[in-house]
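For reference, the structure is listed below as structure tokens.
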Amino acid sequence: MSLTNGHCVSKETWDHHNKMMLEPLSVNDPEVFSIIKKEKHRQTYGLELIASENFASRAVLEALGSCMNNKYSEGYPGQRYYGGTEHVDELERLCQLRALEAFGLNSEKWGVNVQPYSGSPANFAVYTAVVEPHGRIMGLDLPDGGHLTHGFMTEKKKISATSIFFESMAYKVNPETGYINYDRLQENAKLFHPKLIIAGTSCYSRNLDYARMRQIANENGAYLLADMAHISGLIAAGVVPSPFEHCDIVSTTTHKTLRGCRAGLIFFRKGVRSIDAKGKETMYNLESLINQAVFPGLQGGPHNHAIAGVAVALKQVMTPEFKAYQKQVLANCKALSNALIDHGYKIVTGGSDNHLILLDLRTKGSDGGRTEKVLEAIAIACNKNTCPGDKSALRPSGLRFGTPALTSRGLIEEDFKKVAEFIHKGIVLTLEVQKSMDPKATLKDFVQAMSQGENFQEQIAGIRAEVEAFAGQFPMPGLPEL
Ligand code: DSN
């Protein structure tokens, strides 16, 4: 029914609606704006050492926040189920080209799907593409540095969908050395006959032996998937070995060392897969299997704003500045590792080939949960993590630290020595709090003691002020205000 001027709503309400659609966030939703401002403050004045995180550039965030968010485009370039897709087609093709170029791939031999919403859906798409329901998958165990999506299950429960819908058998690291036990993987693969082996990690500081894993995959007629999510930026810059030479499929997220917005990519081989003794060729058919698994198998419309952000990030990846950045990520990681060793800490495997280290607190009589809480209180963000040989995942004894995010803010080796000092102060304080308590006290009791003791609170406030003053000196990439 018309109220005024032929409208079904009042003119005043309609005018307000139209004004609302044009208001900036700060005016339109001060509540969300203020939460984002607080997060920006946390990121700016804290030390971000979570190995999987990074700071996307301003250009990436502008593309992510663009009108590309508004467009539906189920299907692939040139074959969509929606009209008005000429520009998203152009964007998706550009993103595909850049993805291949960024990793030095020949488009005759490799294709790429740029639609996965992130790394977990990308991996699940790969499994559904090439492994039949309840087919067999082998990945590095989560407590040994693998990822949830690589098939994680415990003795009591299948946790990851990968272990629920497929049969999963983990391979492990040697608990003494912290290095992957490839011999055991080879033996077990011969018994388990996997359809797919995953060469990928979430907390492993050493280079993978892709050639060895290829050999094991070949012995079993298995596909070899590299999940390079953590190290894809390092690979693109050529500062760690590339999996492409040895793998059939390579998946990645785009927001870790690759420094884009949150999304996923799946690279797949094209052309000849194998030639038998009589010279008969078997061709790969991964392109159609993987594309169909992503859409319509698992996903609906691609996130075109994310594809825009990824395309921008991939252009940056191909610059000399990005290569310099990745070299610095490695140098900073070594500096952090060495400085912590100098402070008397044990680093799993004794160091790192990449962007992360795992600090083992067992020799200090503490664990990852307690130290993570104190470090958080002094504005240092990191993860608790199991160490090789940990008996329970409920009390992980390590801390995972990564250098990609702070390196994006311009920190160099000398700065990471300072970062190591702050970490050391946090751990010393953790031990002090622990000493004041019953050794069997729970983590909850620990957090209570930490925040109630006046002396502890004072010390936390003092170190936090130092950390904030230090972190605040470094520029923060991204959008100026948000
Ligand atoms: N959860 C991420 C990590 O922190 O390693 C990987 O997806």
Side-chain angles (χ1 to χ4, degrees), residues 42-43 46-56 116-127 137 139-153 159-163 168 170 173 178 180 198-208 225-235 240 243 249-266 298 303 306 310 313 329 333 336 348-349 352-359 368-369 371-372 375-376 380-388 390 393 396 398-408:
R42 188 194 69 80
Q43 292 186 12
L47 293 175
E48 189 52 75
L49 290 164
I50 292 178
S52 48
E53 292 186 11
N54 211 333
F55 299 115
Y117 298 146
S118 199
S120 300
N123 283 346
F124 206 68
V126 173
Y127 308 148
I137 293 176
L140 181 61
D141 212 3
L142 179 83
D144 293 48
H147 189 252
L148 257 179
T149 59
H150 299 171
F152 182 53
M153 55 193 271
I159 310 281
S160 160
T162 314
S163 62
S168 157
V173 298
I180 289 175
I198 306 160
T201 62
S202 198
C203 185
Y204 188 67
S205 62
R206 296 301 180 177
N207 291 329
L208 293 179
L225 160 71
D227 176 350
M228 61 170 183
H230 261 263
I231 53 171
S232 52
L234 300 167
I235 291 167
V240 298
I249 308 167
V250 178
S251 67
T252 186
T253 51
T254 48
H255 45 273
K256 298 187 176 86
T257 47
L258 206 60
R259 210 164 60 178
C261 56
R262 303 184 96 90
L265 303 172
I266 305 171
L298 289 165
H303 290 179
V310 171
V329 167
C333 195
L336 178 65
V348 173
T349 77
S352 174
D353 297 326
N354 58 28
H355 64 301
L356 68 81
I357 52 171
L358 178 58
L359 188 150
T371 43
E372 184 197 66
L375 293 180
E376 188 178 32
I380 297 178
C382 65
N383 292 107
K384 57 180 171 291
N385 213 98
T386 42
C387 287
D390 262 351
L399 287 173
R400 183 183 71 160
F401 295 110
T403 53
L406 288 182
T407 307
S408 289

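Both ligands and their constituent atoms are indexed starting at 1 by order of listing. Everything numeric here is computed off the predicted structure, so don't read it as measured data.
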Open item on the list: Tell me every residue that passes ring pair (Phe, Tyr, Trp, His ring centres under 6.0 Å) with H150, counting only those two or more places apart in sequence or in another chain.
Closed with: H147
Open item on the list: Under the rule for ring pair (Phe, Tyr, Trp, His ring centres under 6.0 Å), what residues qualify as partners of Y117, not counting sequence neighbours?
Closed with: H303
Task: Residue from L49, I357, N383, T386 passing side chain to side chain contact (heavy atoms under 4.5 Å, CB included) with R400 - done: N383
TODO: Check whether any side-chain heavy atom of L234 sits under 4.5 Å from a side-chain heavy atom of V329, and report yes or no.
DONE: yes
TODO: Just jot down the side-chain hydrogen bond (donor to acceptor under 3.5 Å, both in side chains) partners of T403, sequence neighbours excluded, or say none.
DONE: none
Open item on the list: Could you check whether D227 and N123, counting side-chain N and O atoms only, form a donor-acceptor pair closer than 3.5 Å?
Closed with: yes
TODO: Mind jotting down which protein residues get a heavy-atom contact under 4.0 Å with ligand 1? Chain and number order, please.
DONE: S52, H147, S202, H230, K256, R400
